Structures are given as C-alpha cells and as structure tokens.
Q: 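Sharing a structure below in structure tokens format, with a few things to ask.
The shown structure was predicted, so the numbers you read here are calculated from the model rather than taken from an experiment. Atoms considered below: every heavy atom in the structure, side chains included; atoms not considered: hydrogens, waters and symmetry mates.
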Amino acid sequence: VEDDRRRCYCVDGRHEGLIMTIADVLRDMKKERRMTTKDVVALSGVPEPTLEKIFSGATANPKVVTLYYIVHALGYTLDEIFERIKKADP
C-alpha cells in the first residue's frame, strides 16, 4: 500500500518519518463522505480554487475559519482534524 503522506526531516533529527498534514486529513474526510470538491464548495461556501489548493497541500496552513467551513460541510468538527493528525504522527 502506497502512503501519500509527506516525509518530515527536521534539523535536529529527532522527528524523521511520515507526518499527516491537514490536506491529508481533509482528503480522507472527503473520501469517507464520498463527496466531490464541488459538493464541498456548495455546502461550505469556500471558493473552488481555495479548496483545490487546500486539498492539494499547496496551502499548508489555511485559516481556521476556512477549515471550520470545510469540516462542517463534510460533517466533522475541527477537533477531529487535529485528533487524526495526532493519532497518525509518530
């Protein structure tokens, strides 16, 4: 199974390995709900180009209010994003 999470190599060498990003979690949530980006646009009000940048990881640190609209459109909470990241990271 191929893992599409990104590798993180920190300068101090203590945290080397796979990390889960916000984009990874949002893509997983979208897939779980069987929603398209257009579905999320319609429910969240976030413009499609913005969503595409966030889902692709091009926007690594989206605004919290934007995340709020996205995750609630997907039927989740902000806490669930951070819980998933916390569980996935070594």
Side-chain angles (χ1 to χ4, degrees):
V1 176
E2 186 173 323
D3 196 330
D4 66 352
R5 294 183 289 173
R6 290 158 181 75
R7 290 203 170 271
C8 175
Y9 299 97
C10 298
V11 176
D12 64 7
R14 290 183 303 167
H15 186 72
E16 180 178 320
L18 295 173
I19 60 167
M20 181 168 265
T21 65
I22 290 172
D24 296 325
V25 174
L26 291 174
R27 282 193 307 268
D28 288 348
M29 289 175 164
K30 186 172 78 162
K31 186 185 291 187
E32 288 167 13
R33 297 291 193 225
R34 295 187 172 120
M35 294 175 75
T36 66
T37 300
K38 290 193 185 301
D39 294 332
V40 181
V41 167
L43 293 171
S44 70
V46 177
E48 188 168 359
T50 301
L51 283 175
E52 288 173 351
K53 287 177 187 174
I54 292 170
F55 286 136
S56 73
T59 300
N61 295 306
K63 294 179 183 177
V64 173
V65 69
T66 304
L67 285 177
Y68 174 85
Y69 291 128
I70 295 168
V71 298
H72 282 271
L74 293 168
Y76 295 96
T77 65
L78 285 174
D79 288 340
E80 289 175 276
I81 289 178
F82 301 110
E83 283 299 317
R84 288 185 186 210
I85 291 170
K86 184 178 173 183
K87 285 179 185 177
D89 282 345

Q: Between Thr50 and Thr59, is any pair of side-chain heavy atoms under 4.5 Å apart?
A: no

Q: With a cut-off of 6.0 Å (strictly less than), are more than 12 heavy atoms of other residues, nucleotides or ligands near OH of Tyr69?
A: no

Q: Between Lys30 and Leu74, what is the shortest heavy-atom contact and its length?
A: CA-CD2, 3.8 Å

Q: What is the minimum heavy-atom distance between Arg34 and Asp39, and which atoms define it?
A: O-OD2, 4.4 Å

Q: Looking only at heavy atoms, which two atoms of Pro47 and Val41 are closest? And how far apart?
A: C-CG2, 4.3 Å

Q: Do Glu80 and Val25 come within less than 4.5 Å of each other through their side chains, counting heavy atoms only?
A: no

Q: Working to the nearest 0.5 angstrom, can you tell me the gap between Ile22 CD1 and Asn61 CG?
A: 6.0 Å

Q: At their closest point, which heavy atom of Ser56 faces which heavy atom of Ala23, and how far apart are they?
A: C-CB, 4.5 Å

Q: Under the salt bridge (charged side-chain N to carboxylate O under 4.0 Å, His left out) criterion, do Lys31 and Asp28 qualify, and how do the steps go?
A: CA-CA 5 Å; Lys31 186 185 291 187; Asp28 288 348; 5.3 Å; no

Q: Find out whether Leu26 and Val71 are in side-chain contact, i.e. whether some heavy atom of one side chain is under 4.5 Å from a heavy atom of the other.
A: yes

Q: Under the salt bridge (charged side-chain N to carboxylate O under 4.0 Å, His left out) rule, what pairs show up with a residue in residues 42-70, not counting sequence neighbours?
A: Lys38-Glu48

Q: How many angstroms lie between atom CD1 of Ile70 and atom CG of Leu78, to the nearest 0.5 angstrom?
A: 10.0 Å

Q: To the nearest 0.5 Å, tell me how far Thr66 OG1 sits from Leu51 CG.
A: 9.0 Å

